[in-house]
Amino acid sequence: MPPTTIAGQGTKERDADPQPAARRRPSVLRRTAQGRQARAAWVLAAPFLALFLAFMLLPVVWSLLMSLTDTQSADLRTPLNVSFIGFDNYVRLFEDPQFFTALRNTAVFVLVALPLTLAAGLAAAVALNSGIQRFRAVFRVGFYLPVITSIVAVAVVWKTLLEPHAGLVNTVLAWVGIDGPAWLADTRFALPVMILMAVWRNLGTVMIIMLAGLQSVPQSLMEAAELDGAGAWQRFWRVTFPLLRPALLLTAVTTGIGYLQFFDEPFVMTDGGPLDSTLSATLYAYKQFGNGNYDVASAAGYVVFVLIIALTVLQFRVLRDKD
C-alpha cells in the first residue's frame, strides 16, 4: 500500500508541473532565435554606428571641448599644450563687433526670408491645388527644380545675371532707361538679393509639403462650410489653414534651421562683403577656422546651435496643434 501511495504522489507531482520539458523547449528556442536576430541586427548596424561615432559624434564632442580651450592651428602638432580657459572664447565672440554684424545679418535673413518662403510656397500650393488644372505636373517640376539643383551652381548663375555691366538683369533694365546698380557690390542690395534667391530656391520644398497637406483636407468639411455661407477666404482661413498646422510646422522648422546656417550664398557670391553686409554667423565661424582660430570658430558654431534650438522651440510653441 505505501509504495502505491508514493508512486501516486510522484504521478501527481509530474502532472502538477506547470512547465514540463516539452513546453519549456519552445520558449528556449524562441529566446535563442531572438538572440540571433539581435546579434544580426547589431552586426548590420555596426558600419553605420562606426561611421556615426567617427564622423558625427566624435567631432561634435571634440568641437565642444575646443570651444572651451585655447586651441589654435599650431596646437595640432602639440595637443598637450592646449589649456582649458572655460567660456573665455564666448566672451571674445560677444566682444567682437564683426560677430555682432554676422548675427544681425543672419537674423535679418531668417526673419525676412522665412515668412516669405512659407507664404510663397503656400500660395504656389493653393494655386496648384485649385486654380491651375492644366500642366500641373509641369508646374510642380518647375517650382521644385531649383531645390535639387546645386546651390553653388545656382549662386554662380545668379552672380552672372547680376553682373553690373554685362549681366542680364542690368541689360534688361537698360532697355527701359534704368541704370541698374552693382547689385552684389552695394550694401543696400547685396543681402536683399540673397534673400530673394533663397526664397526662389526653397519655395519648391514648402510647396510640395503644403500641397500634400491641402490634398488631405476632407472635402466634406469644405462643402459643409460652403453650405453654411462661408466665402472662399473664410473657408481657407477657418477650415483649411488650421488643418495645415502640421505641414506648416514641418516646413517652418526645416527651413528655419537651413536659413540659420546661411553660408553658401555669401561664400560663393560675395565672401561676406561688401563691408560685411552679407557676412553670416556660419561664414564668420568658417573664416575664423581658416585663420587658425579653432577655439573661436567652435564657440561660434555652438552659438548658432543654441540659436537653432531657440528658434525651433519658438516655432513649436507658436505653430503646434492647440488641441
Side-chain angles (χ1 to χ4, degrees), residues 10-69 71 75-76 79-80 82 84 144 147-148 150-151 202 204-213 215-216 218 243-261 263-264 282 285-286 289 294-295 297-323:
T11 304
K12 290 180 180 180
E13 289 177 358
R14 285 195 302 271
D15 293 340
D17 186 7
Q19 289 185 345
R23 293 178 58 187
R24 288 197 299 269
R25 191 173 303 147
S27 63
V28 173
L29 294 176
R30 191 158 46 246
R31 287 198 299 269
T32 304
Q34 291 175 351
R36 286 199 301 266
Q37 291 177 355
R39 287 193 294 272
W42 279 108
V43 170
L44 293 174
F48 166 77
L49 292 176
L51 292 175
F52 176 79
L53 291 175
F55 296 104
M56 291 291 293
L57 185 60
L58 182 61
V60 167
V61 174
W62 190 254
S63 64
L64 178 60
L65 295 177
M66 282 199 302
S67 71
L68 303 174
T69 62
T71 306
D75 296 323
L76 294 180
L80 296 180
V82 173
F84 180 81
Y144 196 71
V147 179
I148 60 177
S150 169
I151 180 58
N202 292 286
T205 302
V206 179
M207 179 202 69
I208 292 296
I209 298 175
M210 291 295 184
L211 187 58
Q215 292 177 349
S216 66
L243 296 177
L244 290 178
R245 278 184 178 273
L248 188 62
L249 177 60
L250 173 63
T251 54
V253 169
T254 55
T255 308
I257 291 174
Y259 284 173
L260 276 172
Q261 301 177 72
F263 173 80
D264 299 285
T282 51
Y286 174 82
F289 187 87
Y294 295 170
D295 49 357
S298 300
Y302 273 92
V303 170
V304 175
F305 174 68
V306 171
L307 292 177
I308 288 174
I309 294 177
L311 179 63
T312 303
V313 171
L314 177 63
Q315 289 171 330
F316 267 94
R317 288 186 175 275
V318 173
L319 297 175
R320 67 182 178 182
D321 194 350
K322 303 301 182 180
D323 298 334

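Below, all heavy atoms of this structure are taken into account, side chains as well, without hydrogens, waters or symmetry copies.
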Do you know the tightest heavy-atom contact between P59 and A54?
CD-O, 3.4 Å
Got M66 and D295 here, is their nearest side-chain heavy-atom distance under 4.5 Å?
no
Residues that Y286 engages under side chain to side chain contact (heavy atoms under 4.5 Å, CB included), provided they are two or more places apart
F263, F267, L283
Name all residues meeting the side chain to side chain contact (heavy atoms under 4.5 Å, CB included) criterion together with I209; count only those two or more places apart in sequence or in a different chain, and write none if there are none.
T205, A247, L250, T251
Only counting residues at least two apart or in another chain, list the ones meeting side-chain hydrogen bond (donor to acceptor under 3.5 Å, both in side chains) with T71.
T69
Could you grab the distance from atom CG of L244 to atom CG of L319, nearest 0.5 Å is fine?
11.5 Å
Would L248 and M210 count as a side-chain contact (heavy atoms from CB on, under 4.5 Å) if you check the C-alpha gap in whole Å, the side-chain angles of each, and the deciding distance to 0.1 Å?
CA-CA 7 Å; L248 188 62; M210 291 295 184; 3.2 Å; yes
Inter- and intrachain pairs under side-chain hydrogen bond (donor to acceptor under 3.5 Å, both in side chains), touching residues 40-50, at least two apart
none
Identify, with sequence neighbours excluded, every residue that meets side chain to side chain contact (heavy atoms under 4.5 Å, CB included) alongside P218.
S220, L221, L243
I need the L49 CG to L44 CG distance, nearest 0.5 Å.
11.0 Å
Quick check: do F84 and L65 have side-chain heavy atoms less than 4.5 Å from each other?
no
side-chain contact (heavy atoms from CB on, under 4.5 Å) between V313 and F316, worked out
CA-CA 5 Å; V313 171; F316 267 94; 5.8 Å; no
Find out whether L53 and L58 are in side-chain contact, i.e. whether some heavy atom of one side chain is under 4.5 Å from a heavy atom of the other.
no
Residue pair V206 / T255, side-chain heavy-atom distance below 4.5 Å
yes
Side chain to side chain contact (heavy atoms under 4.5 Å, CB included) involving L314 - partner list, sequence neighbours excluded:
V318
Atom of A285, atom of A297 and distance for their closest heavy-atom approach:
O-CB, 3.4 Å
Ring pair (Phe, Tyr, Trp, His ring centres under 6.0 Å) partners of F289, counting only residues at least two apart
Y294
Please tabulate, for the side chains in residues 302-311, all donor-acceptor contacts under 3.5 angstrom to protein atoms that are two or more places apart in sequence or on a different chain.
residue, atom, partner, partner atom, Å
Y302, OH, V60, O, 2.6
Y302, OH, S63, OG, 3.3

